[in-house]
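In this text the structure is predicted, and so the values were computed from the model without any measurement. Below, chain A is the first sequence line, B the second, and so on; all start at residue 1.
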Amino acid sequence: MNGLNDKQGEAVQCTEGPVLLLAGAGSGKTRVLTHRIAYLIDQGINPYHILAITFTNKAAGEMRDRVDQIVSYGAESVWVSTFHALCVRILRRYIDRLEYENNFTIYDSDDQKAVIKTCLKKLNMDPKQYPERMMMAEISKAKERFVSPQEYDREASGQFRKMQVAKVYNEYQQRLKQNNALDFDDLLYKTVELFQFHPDVLEQYQERFQYIMVDEYQDTNHIQFLLIKQLAAKYRNLCVVGDDDQSIYKFRGANIYNILNFEEEYPEAKVIKLEQNYRSTANILKAANGVIANNEGRKEKALWTKAEEGDKVHFSLYDTEYQEAEGVVKEISRQHKNENRAYNYFAILYRTNAQSRIFEEKLLMHNIPYKIIGGQNFYGRREVKDMICYLKVIENGMDDMSVRRVVNVPKRGIGATSIDKMQAYADTYEMSLLDAMFEASNVPGLNRAAAKVESFTNLILDFRDMLKEGVFLSELYDAVLEKTGYWDELLAEKTDEAEARMENLTELKNKIVKYEQEAEHPDLAGLLEEIALVAEVDNVEESEEKVLLMTLHSAKGLEFPCVFLGGMEDRLFPSGMALNSDDPDAIEEERRLCYVGITRAREQLYLSAARQRMMHGRTDYNPVSRFVKEIPKDVITMNGNGSFAVRRQEQAAHEARESLNRKSASVTGKPYSFGNTGGKPAFGKEFKVERLQIDYGVGDRVRHVKFGEGTVTELVSGGKDYEVTVEFDKVGVKRMFASFAKLKKL
DNA sequence: CACAGGTCTCTTTTT
DNA sequence: GAGACCTGTG
């Protein structure tokens with residue numbers, strides 16, 4: 001049916017009862033899942049009863065689009081989402097049953113760390129002895145096992161260190177609750193808890209989700225397993241899709257036994273294997289199979305393809321990481337010029353985010369457009385975080401953590417001493433820090449600071465009023481930037497760094513506007529949610545002609561015609577941690593990661609390594625990765641001294657010159673400036689400013705990607721952009737910015 | 001109270 | 001190489 005192979009067809013039609021779909025890399029599992037959804041609807045199942053859980057928002061979006069394409073009616077009521085987004089949606093509705101407020105805030109790992117820090121302080125524990133990182137990891141692991149602070153304490157009995165962790169875990173959880181905040185793990189934990197203690201709520205969702213599909217099942221952890229188990233318990237129509245060879249999130253608690261033992265949990269399960277690869281050339285697949293064959297304890301499967309051999313896999317060993325990056329960028333440039341490859345034909349993958357910098361530097365020098373995914377998270381940047389915390393405070397006044405962060409940013413003369421006094425007051429009267437600030441004049445010992453505090457609280461009140469009056473979120477954001485003086489302060493600085501920060505703030509505004517355009521019911525909570533849950537990889541537009549750079553982990557689920565895999569050295573990949581570990585599975589997980597990397601490539605695969613590399617401020621000399629040696633000799637070409645292509649001398653001369661340039665460039669510090677390339681580092685900024693041109697006017701018929709067709713009713717020029725009002729046939733009147741709406745004239 | 005400059009440590013992957 | 005923390009100065 002529909003061009004599916006036998007196995008795929010079987011998987012599609014096997015709709016009742018539990019199904020385990022073992023789908024090798026590139027075997028068309030997304031295709032199967034979407035067709036399965038279509039088939040279910042075709043069989044008369046109400047789309048409202050279908051739930052599909054994916055690993056990333058991007059995967060969710062893609063599935064949504066594909067389902068929309070093949071299903072004529074009702075596709076939109078299929079619930080396609082990530083685990084976390086699903087939980088947020090459930091909790092927004094019912095978390096009051098667990099005595100949280102429904103407008104809870106989601107804490108990211110920075111916030112978590114700050115909370116842990118205060119906990120340690122309160123408990124008089126030495127952060128040197130109990131590092132925050134370790135505490136976070138322990139607490140996270142406990143939550144992944146669905147172990148409460150009390151249970152953890154019981155488990156710990158007698159073990160001093162664990163008992164200390166238990167204390168912190170307990171304190172941490174109380175603080176989160178006080179702040180009306182949930183961390184990432186809580187989203188799952190609290191949902192499972194909700195279902196456990198409120199069977200009526202669970203039943204409602206069991207009735208709703210009569211058909212459940214879970215993608216990337218090999219990367220689910222125990223609590224996700226529990227959640228699925230709860231939801232599927234009544235109808236048992238559960239289809240999980242995964243590949244044990246692609247399990248790469250053990251560090252995050254992923255439990256490979258979820259997939260290996262699926263048949264024990266669901267004895268009536270039907271198991272279907274998809275082993276035909278439709279993605280890669282035969283040589284690439286051979287390389288991948290050769291590597292993964294070195295792992296023990298995997299479900300036996302043999303990925304095969306009808307595709308032709310294709311090019312051999314290239315491997316090049318360079319002297320330094322700079323030469324490596326230069327070699328990679330040169331090859332991209334050569335193919336772009338000589339073979340007419342668009343830049344989005346290529347992806348550069350690596351084990352650690354730190355490796356991206358040198359590639360970025362070289363791409364800038366060659367004026368090649370690129371986009372880096374992840375790394376120093378955009379939302380983790382100081383200025384961006386500051387603005388988001390303002391928004392969080394506006395939304396949830398119980399969020400002390402965010403209040404503390406912004407109360408003196410920009411400087412208002414409210415220092416640590418004043419905050420401590422107000423905190424003490426808040427503790428005494430059992431109120432939030434912000435509420436204490438509203439009563440600043442009553443707080444003993446504040447004196448002159450009280451007036452300053454009042455000016456801060458007045459700002460927050462003003463912002464809340466604006467929100468009540470129904471302003472656009474982007475307008476609120478502008479107001480925050482302006483009224484807090486944040487923007488003016490940066491403006492006055494007139495440094496490159498301040499300018500870079502302002503650009504990031506503008507970028508944040510763009511994201512807010514975009515959210516407002518695309519969300520069905522945009523509101524502040526929804527915006528903050530999206531910021532917390534949507535990873536950068538989710539926003540990758542295939543159509544953008546840019547070289548993509550990302551970690552191997554981020555690349556999971558994606559594919560590219562040509563993949564460069566850098567840093568193929570022992571201690572980097574596999575990581576030093578894995579090599580030192582006494583757990584033999586650590587290396588196997590790295591190997592699976594390598595397998596994932598190789599299988600991202602459709603046509604060409606370039607591996608590279610450097611003899612010498614600066615790591616953590618030190619020059620390391622590491623041997624070529626063992627994984628390279630595991631690739632069958634007949635599918636790989638080895639090149640001992642740099643340069644994938646031919647012109648070696650020419651390149652060496654060039655590199656000598658550039659190494660000089662680099663020295664002068666690197667001392668200038670963060671905001672690189674390489675002449676007039678027009679490129680900017682980080683976050684994949686646009687390389688050209690697009691002139692906004694619109695070819696429609698009032699009265700014209702237009703089409704929007706999401707809202708469908710409609711008529712333009714108003715067009716207001718606002719600076720560089722236009723504000724367009726469109727009356728859509730299906731979704732009614734929407735106001736939007738022309739630059740984001742991308743309306744097509746009909 | 002704010003800021004600059006020094007010293008220290010820990011290096012992986014992320015929803 | 002980056003971030004956290006401390007200390008001295010204005």
Side-chain angles (χ1 to χ4, degrees), chain A residues 53-60 81-88 106-110 112-114 117 126-128 131-134 136-137 140 143-144 182-188 216 219-221 223-224 247-254 349-358 373-377 379-380 382 408-419 448-449 452 529-538 550-557 567 571-581 586 589-590 592-594 596-597 613-620 666 669-670:
Chain A
I53 298 178
T54 58
F55 195 71
T56 62
N57 291 284
K58 183 182 170 62
S81 139
T82 63
F83 271 105
H84 294 268
L86 169 76
C87 290
V88 170
I106 301 168
Y107 275 0
D108 65 22
S109 48
D110 283 350
Q112 285 182 55
K113 205 168 163 190
K117 210 181 269 178
D126 179 10
K128 292 234 162 65
E132 290 119 10
R133 283 178 57 93
M134 166 259 178
M136 282 165 69
S140 186
K143 288 183 182 176
E144 277 157 7
L182 302 189
D183 66 19
F184 284 129
D185 300 311
D186 280 339
L187 295 176
L188 289 144
E216 309 279 11
D219 284 320
T220 51
N221 58 29
I223 193 131
Q224 290 167 331
S247 161
I248 56 174
Y249 280 100
K250 195 176 177 205
F251 72 94
R252 209 175 68 187
L349 309 181
Y350 35 76
R351 175 73 241 267
T352 66
N353 282 305
Q355 290 165 258
S356 68
R357 309 189 59 161
I358 300 158
I373 309 295
Q376 163 64 300
N377 188 353
Y379 296 112
R382 192 173 83 201
N408 203 28
V409 178
K411 303 272 175 286
R412 297 188 176 87
I414 307 171
T417 333
S418 305
I419 294 173
R448 269 177 306 154
K452 295 170 185 166
E529 209 166 288
E530 179 150 318
I531 288 172
L533 297 182
V534 176
E536 273 177 278
V537 68
D538 299 331
M550 69 187 91
T551 62
L552 288 158
H553 283 88
S554 297
K556 193 177 80 147
R571 326 212 119 260
L572 181 59
F573 190 31
S575 73
M577 285 250 183
L579 285 173
N580 291 336
S581 168
E589 173 134 331
E590 298 280 312
R592 290 193 289 270
L593 191 54
C594 183
V596 166
R613 178 183 299 271
M614 277 279 264
M615 277 168 90
H616 331 127
R618 222 162 236 220
T619 304
D620 282 2
S666 59
K670 265 240 180 71

Query raised in the report: How do Leu593(A) and Ala449(A) order along DNA chain B: which one's closest nucleotide is nearer the 5' end?
Result: Ala449(A)
Query raised in the report: Taking for each residue the nucleotide of DNA chain B with the nearest heavy atom, is it Phe83(A) or Ala578(A) whose nucleotide lies nearer the 5' end?
Result: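 The answer here is Ala578(A).
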Query raised in the report: Is any side-chain heavy atom of Arg351(A) closer than 4.5 Å to a side-chain heavy atom of Ser575(A)?
Result: yes
Requested in this report: Determine if Phe251(A) stacks with dT13(B); use a centre-to-centre distance below 5.5 Å and an interplanar angle below 30° as the criteria.
Outcome: yes
Query raised in the report: For DNA chain C, what are the stems built from at least three Watson-Crick or G-U pairs in a row, each pair having both distances below 3.5 Å?
Result: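 The stems are B:1-10 with C:1-10.
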Whether [X] contacts [N] is assessed here as follows: a side-chain N or O lying under 4.0 Å from the phosphate OP1 or OP2. Is that the case?
{"X": "Thr56(A)", "N": "dT15(B)", "answer": "no"}
{"X": "Lys250(A)", "N": "dT13(B)", "answer": "no"}
{"X": "Asn353(A)", "N": "dT13(B)", "answer": "yes"}
{"X": "Ser554(A)", "N": "dT14(B)", "answer": "yes"}
{"X": "Lys128(A)", "N": "dC10(B)", "answer": "no"}
{"X": "Arg357(A)", "N": "dA2(C)", "answer": "yes"}

Query raised in the report: Where do Tyr249(A) and Asp219(A) come nearest, in terms of heavy atoms and distance?
Result: N-OD1, 3.4 Å
Side chain of [X] - closest among [options]:
{"X": "Ser575(A)", "options": "dA4(C), dT14(B), dT12(B)", "answer": "dT12(B)"}
{"X": "His84(A)", "options": "dT15(B), dT11(B), dT14(B)", "answer": "dT15(B)"}
{"X": "His553(A)", "options": "dA2(B), dT12(B), dT13(B)", "answer": "dT13(B)"}

Report task. For nucleotides dA4(C) and dT13(B), find the distance between their P atoms and express it as a whole number of Å. Result -> 16 Å
